[in-house]
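Reckoned from all heavy atoms, side chains included, excluding hydrogens, waters and symmetry mates. Counting starts at 1 for both ligands and their atoms, in listed order.
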Amino acid sequence: MSERRPAEKNLAVHPVRLVLDLDAGIDDALALAYALGSSEVELVAVVASYGNVTQERAARNACALLDLLGRPDVPVYAGADRPLGAAESFSPAAGVVRIHGESGLGASELPAPSRPTRADGVGWLAREGCAAPPAAPLTYVPTGPLTNLALALRARPELAERLPRITFMGGALGVPGNVTPCAEANVHNDPEAADEVLVSGLPTRMVGLDVTHQVVLTREETARWRALGTRAGRFFADMTDHYIAVYERNNPGMGGCALHDPLALAAALDPTLVGCLRTNLRVCREGAVRGRTVCDPRRLRDEAKDAEVALTVDAPRFLEEFCSRVRRALA
Ligand code: RIB
Ligand code: CA
């Protein structure tokens, strides 16, 4: 390992200089609130990607959510608008629109944002990720497709040595996918990008469906947000109740909604929340298994392991952190 790579123990140094890469649907919004309710976090920027919504809509949502949560000072950069190699910009499938709503934030809509999106999130990420001093690295947490990171690594391959381990929401190792029987949505949206990242040498921590389906939010908590009496509390309660209703239809018996993106952020800030398998990962790119994350058969015996795959989670401790941090952001 290069001496230049910032050690992950730097994550314990306050503040954590966080960059969120969001496809700005409902659970991405919950991750944003978690970040803003975390006293150890300095939110440096948001990069807005296609995925749950179009790229343009993701940027609008990120700006409007930051306005709602009282942080219009946080810059929002435009990320990729399509998967690697795609000819056209990406629009979500009808099934995704049913899950996250037309706006991406449930049935409600926020007022137009107070400022424009900044251009070239990929260039910004590559530049700032490389320029950050080892003592204050960027903690980059993608909760959408990995397209922006793959493009940034193409532009500046040394980025793989300059970022500390990145924690991403995506993939499924031991459980079925949520788009196909094999593939999870974020990896499914751009399997090539995810594969490029996973073989780039950049250390990763995968927070996928293996653990995110173990952390469930109920309407009891959203009722508390509504009772805060704030505009943000009401908006987040309505938005999340929409998401819970989708889970009640699609995953009856779960008792609430999965907290995919907030768990990835929480595990980036406090890796002791999850128990991980150390391995090397790849993404299947062909046929029915396209989008499946697997242990790389060619690197099984390598001593060096680039990836950590979260397979267990301290759900009660995470939920406690989630509720107190999000409430702080909404109050
Ligand atoms: O599979 C869950 C993931 O897909 C989450 O990040 C959700 O926001 C969607 O992007
Ligand atoms: Ca997401």
Side-chain angles (χ1 to χ4, degrees), residues 19-35 46-55 57-59 61-62 65 76 79-83 90-101 103-106 140-149 166-191 193-194 197 204-217 236 239-240 242-244 246-247 250-251 254 256-268 283 291-293 309-310 313 322:
V19 177
L20 286 175
D21 185 336
L22 307 174
D23 59 337
I26 295 175
D27 59 325
D28 300 82
L30 293 172
L32 183 65
Y34 190 104
V46 172
V47 182
S49 168
Y50 76 89
N52 290 322
V53 287
T54 62
Q55 183 283 321
R57 171 50 77 163
N61 285 352
L65 285 163
V76 174
D81 71 349
R82 65 194 71 184
F90 180 97
S91 291
V96 177
V97 176
R98 275 195 295 276
I99 295 172
H100 290 271
S103 70
L105 302 174
Y140 172 72
V141 181
T143 61
L146 289 172
T147 317
N148 294 323
L149 181 55
I166 65 122
T167 304
F168 69 97
M169 194 285 136
L173 196 71
V175 298
N178 58 359
V179 179
T180 73
C182 293
E184 178 281 331
N186 289 337
V187 176
H188 180 264
N189 278 339
D190 197 345
V197 169
T204 57
R205 180 178 298 112
M206 173 172 128
V207 175
L209 302 178
D210 305 274
V211 280
T212 63
H213 276 174
Q214 297 183 46
V215 290
V216 173
L217 189 76
F236 269 72
M239 175 187 80
T240 308
H242 169 99
Y243 200 46
I244 291 174
V246 171
Y247 270 85
N250 297 350
N251 304 60
M254 204 159 152
C257 65
L259 291 170
H260 305 287
D261 296 348
L263 180 62
L265 173 58
V283 177
R292 182 71 189 178
T293 43
V309 180
V313 55
F322 175 84

Exercise for the section: Give the numbers and elements of all ligand 1 atoms closer than 4.0 Å to a heavy atom of Asn52. Expected result: 7 (C), 8 (O), 9 (C), 10 (O)

Handout entry: Cut-off under 3.0 Å, centre the Ca ion (ligand 2), protein N/O/S atoms
Key = Asp23 OD1, Asp28 OD1, Asp28 OD2, Thr143 O, Asp261 OD2

Handout entry: Per-residue contact class, Thr143 against ligand 1 - non-hydrogen pairs under 4.0 Å
Key = backbone

Exercise for the section: Would you check if the side chain of Thr204 reaches a backbone N or O of Met206 as a donor-acceptor pair within less than 3.5 Å? Expected result: no

Exercise for the section: Would you check if the side chain of Arg82 reaches a backbone N or O of Ser91 as a donor-acceptor pair within less than 3.5 Å? Expected result: no

Fill in the blank from the handout: Logged contact type for Ile26 with ligand 1, heavy-atom cut-off 4.0 Å, is neither

Handout entry: Atom indices of ligand 1, in the order listed, that fall short of 4.0 Å to a heavy atom of Ala185
Key = 1 (O), 4 (O)

Exercise for the section: Among Asp27, Thr240, Ile26, find the one that has a side chain to side chain contact (heavy atoms under 4.5 Å, CB included) with Cys257. Expected result: Thr240

Problem - Whether Asp261 side chain and Ala31 backbone form a donor-acceptor pair below 3.5 Å - result: no

Practice task
Classify the side-chain pair Thr143/Asp28 by whether it contains a donor and acceptor separated by less than 3.5 Å.
Solution key: yes

Exercise for the section: Say whether, by atom type as modelled, one donor and one acceptor occur between the side chain of Asp190 and the main chain of Leu146 under 3.5 angstrom. Expected result: no

Handout entry: Distance from atom 4 (O) of ligand 1 to nearest protein heavy atom, with residue and atom
Key = Asn186 OD1, 3.3 Å

Problem - Backbone or side-chain N or O of Tyr243 under 3.5 Å from ligand 1 N or O - result: no

Problem - With Tyr50, the side-chain hydrogen bond (donor to acceptor under 3.5 Å, both in side chains) member among Asp23, Asn148, Thr147 - result: Thr147

Practice task
Please say whether His260 places an N or O atom under 3.5 Å from an N or O atom belonging to ligand 1.
Solution key: no

Handout entry: Protein contact of atom 1 (O) of ligand 1 - nearest heavy atom, named by residue and atom, plus distance
Key = Glu184 OE2, 2.4 Å

Fill in the blank from the handout: Heavy-atom closest pair (Ile166 atom, Tyr140 atom, distance to 0.1 Å) is CB-O, 3.6 Å

Practice task
Output yes when a side-chain donor or acceptor of Asp81 lies under 3.5 Å from a complementary backbone atom of Gln55, and no otherwise.
Solution key: no

Exercise for the section: Considering heavy atoms of the protein only, find what lies nearest to atom 6 (O) of ligand 1 and give residue, atom and distance to 0.1 Å. Expected result: Asp261 OD1, 2.5 Å

Problem - Sidechain-backbone polar pair: Asn178 side chain, Ala185 backbone, donor-acceptor under 3.5 Å - result: yes

Exercise for the section: For the residue pair Tyr247 and His260, categorise the inter-ring angle as parallel (less than 30°), tilted (30 to 60°) or perpendicular (more than 60°). Expected result: tilted

Fill in the blank from the handout: The closest protein heavy-atom partner of atom 8 (O) of ligand 1 is Asp27 OD1, 2.5 Å

Practice task
Look only at interatomic distance and state if Asn178 has a nitrogen or oxygen under 3.5 Å from any nitrogen or oxygen of ligand 1.
Solution key: yes

